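One structure is given here, and the rest of the page talks about it.
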Amino acid sequence: MKNAQMLTRDAPGGGKVVPKLAKICFLTSVPTPFSICARILYREAMSLARRGFEVVWVAPSEEPRTWSGQVRIVGFPAAHLRTRRWLNTWQPLVLALREQADLYHFHDPELIPCALLLRLITRKPVIYDVHEHYPDAIRLKEWIHRAIRPTVATLFDYLEPRTAPFFDAIITADDDVAGRFRKAPDRLVTLYNFPTPDFGQTPSIPQPRRAHAVQLIQVGCLCPERGLWLMLDVVRILVGEKKLDVGLWIIGPFDSEEKRREFTAAVAADELLRGRVICTGAVPQDHLGSWLAAADIGLVPLQPVPKFHKNIPTKIFEYMAAGLPMVGSDLPPIRRYLLAADAGLLAVPDDPRSHAEKIFSLVQDPELAGRLGDNGRVAFQTRYNWTTEEEKLVSLYHELLNLPVPAAPAGQ
């Protein structure tokens, strides 16, 4: 678009007309509660709406709605079988075309065919937002038959970078993933998954009650590769051998219903774990800060699989924002930030005793735990928050839409 026209719409509450720089359309295909879509909604979409864009999000949803009066959500029926999501691209395509947006921004790899058609039909800019190293992620997907996972991953690893030249920009969440797209397109931007500066500042949300002297917390999706079973062994060691009164909150969804049942049964059958390990499921992003504020130590127990040698776990920065000292697996992305901020201790990734010893050392040395937590909070406030990433995102949009240099929001 040579010159984006100023768009107008009625402001929430009616009456006043608010000018808009351009209309943009997000597209996703994964049915996820909007309240936990941290990167897409709380960071990217809300940033763009706050900076003068009209934001529409085409997503699996039961009904149309508006989020916080700023992001309009256009829903389509979700495909309950994951394999069908790859075949169900016509619905988001039709809805996106109806929006007649000035720019399209999609977030899921199964939407690549849809995005290519959008680019061809509309001739408008299209951005591909690559959240993780998908070939490595495919190798962990239990819904893909084990026998064909390597073939599917290899095929996707070959095809994905070769679609990049057809898009106007590629956004990635970390440097290792960006390395897969170095040759194309011309615009390649890394937006780190740092929380917004106001993360956790929801005083109206009451803190959960804690029943143990030491409260551990782990945030994120649950599967064996993310330390699901290791955490149980860690609690067994701390309670059974170290005689600590420890509780563990696990905040996040299981990657499958089978794993949830298996995990729940294992906790219920073990006297050392029963009543100590609490799985909350996913919680709204604006509630998460209350859980973190009530905890003592944040866990990052990722296992040494290829995916976690590349992707940066967002929970690191959420723990920093809450001032929590951390114990994390000694993997490159985790080591990089824990050591740079001096905000936590590193443990052997697949050794529960190593994790337990590091946790025990923090419990035995409150001064060390306090110092690490304070260091993390300062690092979040000064380096690892969304402020700089928002500027990169908004600048990319202005460049693609040939808009004037963006002005910083009031107060910055």
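Since this is a predicted model, take the numbers as computed values, not measurements.
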Report summary line: Closest non-hydrogen atoms of C114 and L27, given as atom of the first, atom of the second and distance, are SG-CD2, 4.1 Å
Report task. Starting from the C-alpha separation in whole Å, work towards a yes-or-no answer on side chain to side chain contact (heavy atoms under 4.5 Å, CB included) for K259 and F263. Result -> CA-CA 6 Å; K259 282 290 184 295; F263 187 84; 5.9 Å; no
**Report entry** Donor + acceptor pair across side chains of Y104, E99 (<3.5 Å)
**Finding:** no
Requested in this report: Check whether any side-chain heavy atom of V234 lies under 4.5 Å from a side-chain heavy atom of V327, and answer yes or no.
Outcome: no
Query raised in the report: Is the closest side-chain heavy-atom distance between R276 and L248 below 4.5 Å?
Result: no
Query raised in the report: Ignoring hydrogens and geometry, is there a side-chain-to-backbone donor-acceptor pair from R210 to A294 under 3.5 Å?
Result: yes
Query raised in the report: Using the benzene-type ring in the case of Trp, are the ring centres of Y192 and F317 under 6.0 Å apart?
Result: no
**Report entry** Stepwise salt bridge (Lys or Arg N to Asp or Glu O under 4.0 Å) check, K310 with E132
**Finding:** CA-CA 9 Å; K310 304 179 181 73; E132 59 183 342; over 6 Å; no
**Report entry** Audit row: L21, D102, side chain to side chain contact (heavy atoms under 4.5 Å, CB included) steps and yes/no
**Finding:** CA-CA 10 Å; L21 291 172; D102 297 300; over 6 Å; no
**Report entry** 4.5 Å side-chain heavy-atom contact, Y42 and D286
**Finding:** yes
Query - Any donor-acceptor pair under 3.5 Å from S395 side chain to K392 backbone - result: no
Report summary line: Of all heavy-atom pairs linking M320 and G376, the shortest is CB-O, 3.3 Å
Query raised in the report: Can you tell me if CZ on F166 sees more than 12 non-hydrogen neighbours from other groups inside 6.0 Å?
Result: no
Query - Under 3.5 Å: donor-acceptor pair, side chain of D108, backbone of S29 - result: yes
Query raised in the report: In Å, rounded to the nearest 0.5 Å, how long is the span from CG of L396 to CG of L401?
Result: 9.0 Å
**Report entry** Spacing of K315 atom NZ and C221 atom SG [to the nearest 0.5 Å]
**Finding:** 9.0 Å
Query - Under 3.5 Å donor-acceptor, H398 side chain and P404 backbone - result: yes
Query - salt bridge (Lys or Arg N to Asp or Glu O under 4.0 Å) between R226 and D255, intermediate numbers included - result: CA-CA 10 Å; R226 295 176 185 269; D255 70 340; over 6 Å; no
Query raised in the report: Is the shortest distance from a Lys or Arg side-chain nitrogen in E257 or R260 to a carboxylate oxygen in the other one below 4.0 Å?
Result: yes
**Report entry** CA sep, side-chain torsions, deciding dist, call: K242, Q364, side chain to side chain contact (heavy atoms under 4.5 Å, CB included)
**Finding:** CA-CA 11 Å; K242 302 295 185 181; Q364 293 296 101; over 6 Å; no
Query raised in the report: Given side chains that start at C-beta, do those of P333 and D174 come closer than 4.5 Å, heavy atoms only?
Result: no
Query raised in the report: So H107 and F26, would you call those rings parallel, tilted or perpendicular, with 30° and 60° as cut-offs?
Result: tilted
**Report entry** Spacing of CZ belonging to R50 relative to CD belonging to Q70, to within rounding of 0.5 Å
**Finding:** 7.5 Å
Requested in this report: Could you check if a side-chain atom of L140 sits within less than 4.5 angstrom of a side-chain atom of C223, using non-hydrogen atoms only?
Outcome: no
Query raised in the report: Would R371 and E367 satisfy salt bridge (Lys or Arg N to Asp or Glu O under 4.0 Å), going step by step from the backbone distance to the final call?
Result: CA-CA 6 Å; R371 179 174 62 80; E367 184 177 342; over 6 Å; no
Query raised in the report: Is there side-chain contact between W57 and I40, with at least one heavy-atom pair below 4.5 Å?
Result: yes
**Report entry** Distance (rounded to the nearest 0.5 Å) between L372 CG and R377 CZ
**Finding:** 12.0 Å
Query raised in the report: Between F194 and Y384, how do the two ring planes meet: parallel, tilted or perpendicular, split at 30° and 60°?
Result: tilted
Query raised in the report: Side-chain contact, heavy-atom cut-off 4.5 Å: V235 with L272?
Result: no
Report summary line: Minimal heavy-atom distance between P313 and V300, with the atoms involved, is CG-CG1, 4.0 Å
Query raised in the report: Of all residues at least two apart in sequence or in a different chain, which pass the side-chain hydrogen bond (donor to acceptor under 3.5 Å, both in side chains) check with Y397?
Result: H105
Query raised in the report: Would you find a donor on one side and an acceptor on the other, under 3.5 Å apart, between the side chain of R65 and the backbone of I73?
Result: no
Report task. For residues P135 and E160, report the shortest heavy-atom separation together with the two atoms involved. Result -> CD-OE1, 4.3 Å
Requested in this report: Flag the pair R335 and D330 as a salt bridge only when some basic side-chain nitrogen lies within less than 4.0 angstrom of an acidic carboxylate oxygen.
Outcome: yes
Requested in this report: List the steps and the verdict of salt bridge (Lys or Arg N to Asp or Glu O under 4.0 Å) for R180 and D157.
Outcome: CA-CA 9 Å; R180 302 184 62 238; D157 195 19; 2.5 Å; yes
Requested in this report: Go through the side-chain N and O atoms of T280 and W291 and say whether any donor and acceptor fall under 3.5 Å apart.
Outcome: no
Query raised in the report: Under 4.0 Å between a Lys/Arg side-chain N and an Asp/Glu carboxylate O for R187 and E399?
Result: yes
Query - Interatomic distance, F167 atom CZ to I112 atom CD1 [nearest 0.5 angstrom] - result: 5.5 Å
Query raised in the report: Between Q215 and D296, is there a donor-acceptor pair closer than 3.5 Å when you use the side chain of the first and the backbone of the second?
Result: no
Query raised in the report: Between the side chain of N375 and the main-chain N/O of D342, is any donor-acceptor distance below 3.5 Å?
Result: yes
Query raised in the report: Between the main-chain N or O of A269 and the side-chain N or O of E271, is there a donor-acceptor pair closer than 3.5 Å?
Result: no
Query - Short N-O contact, R336 and D175, less than 4.0 angstrom - result: yes
Report task. Go through I334 and M326 one step at a time and tell me if the side chain to side chain contact (heavy atoms under 4.5 Å, CB included) criterion holds. Result -> CA-CA 10 Å; I334 300 172; M326 285 171 266; over 6 Å; no
Query raised in the report: Do the non-hydrogen side-chain atoms of L292 and I251 ever get within less than 4.5 Å of each other?
Result: no
Requested in this report: Kindly compute the distance separating CG (L331) from CG (L302), expressed to the nearest 0.5 Å.
Outcome: 6.5 Å
Query raised in the report: Can any side-chain N or O of N385 pair as donor or acceptor with the backbone N or O of F380 at less than 3.5 Å?
Result: yes
Requested in this report: State whether the side chain of H355 and the backbone N or O of V348 hold a donor-acceptor pair below 3.5 Å, judged by distance alone.
Outcome: yes
Report summary line: For A59 and T28, the nearest pair of non-hydrogen atoms, with its separation, is CB-OG1, 3.3 Å
Requested in this report: Only counting residues at least two apart or in another chain, list the ones meeting side-chain hydrogen bond (donor to acceptor under 3.5 Å, both in side chains) with N193.
Outcome: R39, R43, T314
Query raised in the report: Which heavy atom of A268 sits nearest a heavy atom of R274, and at what distance?
Result: O-NE, 2.8 Å
